[in-house]
Amino acid sequence: MAGEKLLQFVTRTQAYPAKREAHARAEDFREIAERYGVPAAEEQASRCSQCGVPYCSVHCPLHNHIPDWLRLTAEGRLREAYELSNATSTMPEICGRICPQDRLCEGNCVIEFSGHGAVTIGSVEKFITDTAWEEGWVEPVAVGPVRGQSVGIVGAGPAGLSAAEYLRGYGYDVHVYDRHDRMGGLLTYGIPGFKLEKPVVMRRVERLKQGGIVFHEGFEVGRDATLDELRERHDALLIATGVYKPRAIKAPGIGSAGVVEALAYLTASNPKGFGDEVPEFDDGSLDAAGKHVVVIGGGDTAMDCVRTAVRQGAASVKCLYRRDRANMPGSQREVANAEEEGVEFVWLSAPQAFEAGERVTAVRAEKMRLGAPDATGRRAPEPDPGSDFRLEADLVIKALGFDAEDLPRLFDAPELGVTRWGTLRTDNKTMMTSLDGVFAAGDIVRGASLVVWAIRDGRDVAGKMHQYLKVKAKVAA
Ligand SMILES: Cc1cc2nc3c(=O)[nH]c(=O)nc-3n(C[C@H](O)[C@H](O)[C@H](O)COP(=O)(O)OP(=O)(O)OC[C@H]3O[C@@H](n4cnc5c(N)ncnc54)[C@H](O)[C@@H]3O)c2cc1C
Ligand code: SF4
């Protein structure tokens with residue numbers, strides 16, 4: 001019976017050009033709706049077979065009620081669909097844009113298993129929440145009864161912002177400290193604007209400001225205050241500082257001008273979208289225009305760098321990665337996008353040295369071959385002797401991932417416990433660090449991860465902090 005229902009539904013889906021197109025390219029439902037005169041998001045949502053076992057929800061870190069809001073969307077009840085999707089997420093339109101859906105909700109859609117392509121869940125989520133913003137359905141932050149206790153949050157990325165929203169909802173005074181001049185963390189300064197438009201992030205931040213959350217911009221903990229000083233100011237603290245120490249490459253010539261870090265490159269490019277003056281971009285050193293660009297790495301950050309370089313007008317863009325396509329950590333969807341845009345992938349290759357005069361001129365590399373699987377099950381690359389080659393380059397971008405900074409030293413808090421990877425050690429049940437009343441969430445606990453996991457952690461840690469603060473208030477009374 002379930003199979004019959006699925007078959008009927010798939011047949012229905014194939015009948016409509018709008019459904020087929022919305023499925024193939026669901027970025028802009030409005031454009032499709034205009035072309036075919038049908039409400040494309042509703043058509044796309046109607047592809048959900050309501051299959052009884054919501055694998056999509058199970059594999060969404062927020063456990064969003066996906067089939068339910070797809071059904072409401074299919075029925076044209078967009079406001080209710082938005083309200084339901086908003087009930088489990090502080091940033092549904094952001095997740096809809098930048099979650100790697102092929103590894104999460106959509107990758108586990110039953111329609112995908114049947115070979116007909118997943119319902120484009122992320123695009124529907126984006127559409128209903130964007131519509132809610134346009135229609136004025138997005139409510140101000142609901143502030144709970146005043147509790148007379150205050151919370152400090154270090155880091156205004158998705159983990160810190162989500163926790164701030166929930167904690168304000170519980171009625172606490174919330175102060176967010178961030179070393180940048182704009183809030184959002186990697187949403188603002190890491191992820192490029194062509195994937196996540198910056199006004200979309202800023203309107204979320206503005207809503208939090210209007211909800212009474214106090215932002216301390218340009219405030220770097222470790223420089224402007226020690227952790228202990230902040231602990232004295234607040235009843236509880238959350239550390240949500242992300243991970244920012246770039247992984248290094250050891251090779252001759254690595255220090256040459258024109259060999260740059262991925263985040264330095266993206267952090268120079270993103271503020272241009274706000275119209276800022278960025279000297280390192282404006283003087284050409286971090287602008288790929290007209291250059292032969294080689295990006296080293298195979299993760300999503302590498303994909304963001306290659307696609308940014310294409311948009312800046314690079315003469316050529318190559319991505320050098322030591323494993324093959326099947327063994328790369330980045331999203332296959334992103335690789336396909338990059339290839340479509342003209343990026344050349346040089347698989348199974350690792351840099352050996354960087355040739356340079358005043359600036360870098362070439363990367364010398366050697367071919368790799370895949371050996372036995374390592375501890376993670378991925379096949380470990382090993383050099384293929386005598387296979388050296390050379391790539392012309394006048395901008396080399398290192399995108400090998402990030403580790404945690406040395407927070408105990410930076411925060412002047414040697415008693416702050418860390419794992420062997422340098423991430424903060426927290427109690428599994430309470431999410432508290434080794435310091436009483438100091439909690440941690442997001443990448444600084446997990447290591448480099450995803451926005452949706454940071455939001456989930458922010459939601460969870462706010463609940464744990466609320467429990468802690470209630471007990472603290474009782475003891476003090
Ligand atoms: C280039 C790039 C692209 C990415 N693309 C995607 C994507 O497409 N989809 C996806 O799901 N994930 C993506 N990610 C991962 C995602 O951005 C992170 O997992 C997520 O932002 C982590 O959230 P967070 O709140 O823990 O930390 P962050 O977003 O890193 O925020 C931490 C904040 O803490 C602040 N801070 C740090 N130290 C201090 C200090 N001492 N004092 C004050 N403030 C401090 C920082 O300025 C920052 O604002 C990407 C990451 C990168 C680097
Ligand atoms: S939050 Fe991410 S994983 Fe969850 S439904 Fe939305 S796009 Fe899918």
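A quick note: this is a predicted structure, and the numbers were derived from the prediction, not measured. Numbering of ligands and ligand atoms starts at 1, following listing order.
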Just need the protein heavy atom nearest to [atom], so name the residue and atom and give the distance.
atom                    : answer
atom 42 (N) of ligand 1 : V221 N, 2.9 Å
atom 16 (C) of ligand 1 : V451 CG2, 3.7 Å
atom 1 (C) of ligand 1  : L266 CD1, 3.3 Å
atom 2 (Fe) of ligand 2 : C99 SG, 2.5 Å
atom 8 (O) of ligand 1  : K195 NZ, 2.9 Å
atom 7 (S) of ligand 2  : E125 OE1, 3.2 Å
atom 4 (Fe) of ligand 2 : C60 SG, 2.4 Å

What class does the angle between the rings of [X] and [Y] fall in, given that below 30° is parallel, 30 to 60° is tilted and above 60° is perpendicular?
X    : Y    : value
Y177 : H216 : parallel
W347 : F345 : parallel
H466 : Y170 : parallel

Proximal ligand 2 atoms for [X], defined as those under 4.0 Å from one of its heavy atoms:
X    : value
V452 : 1 (S)
L104 : 3 (S)
N64  : 1 (S), 4 (Fe), 5 (S), 6 (Fe)

Exercise. With ring centroids as reference points, do Y468 and F439 lie under 6.0 angstrom apart?
Worked result: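 Judged by ring-centre distance (under 6.0 Å), Y468 and F439 do meet the cut-off.
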For this session: Measure from the ring center of H175 to the ring center of F215 and say whether it is less than 6.0 Å.
Result: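 Ring centres of F215 and H175 not closer than 6.0 Å.
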As an exercise, identify every atom of ligand 1 less than 4.0 angstrom from a heavy atom of [X].
X    : answer
L450 : 10 (C), 11 (O), 12 (N), 19 (O)
G442 : 26 (O)
F411 : 41 (N)

Problem set entry | Nearest-0.5 Å distance, CZ of residue R207 to CD1 of residue I213 |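 One gets 8.5 Å once the value is rounded to the nearest 0.5 Å.
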Region of [X] engaging ligand 1 - heavy atom pairs below 4.0 Å:
X    : result
A156 : backbone
D457 : neither
A240 : backbone
Y189 : neither
F402 : side chain
R223 : neither

Exercise. Below 4.0 Å from any atom of ligand 1, is there a heavy atom belonging to W453?
Worked result: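 Flag not set, W453 not near ligand 1.
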Exercise. D300: heavy atom below 4.0 Å from ligand 1, yes or no?
Worked result: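 Per 4.0 Å heavy-atom rule, D300 does not contact ligand 1.
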Exercise. Atom 29 (O) of ligand 1: which of D181, L186, L230 has the nearest heavy atom?
Worked result: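 Minimum heavy-atom distance to atom 29 (O) of ligand 1 goes to L186.
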Problem set entry | Test of proximity, I191 against ligand 1: N or O pairs below 3.5 Å |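 No; the residue has no nitrogen or oxygen that sits under 3.5 Å from a nitrogen or oxygen of the ligand.
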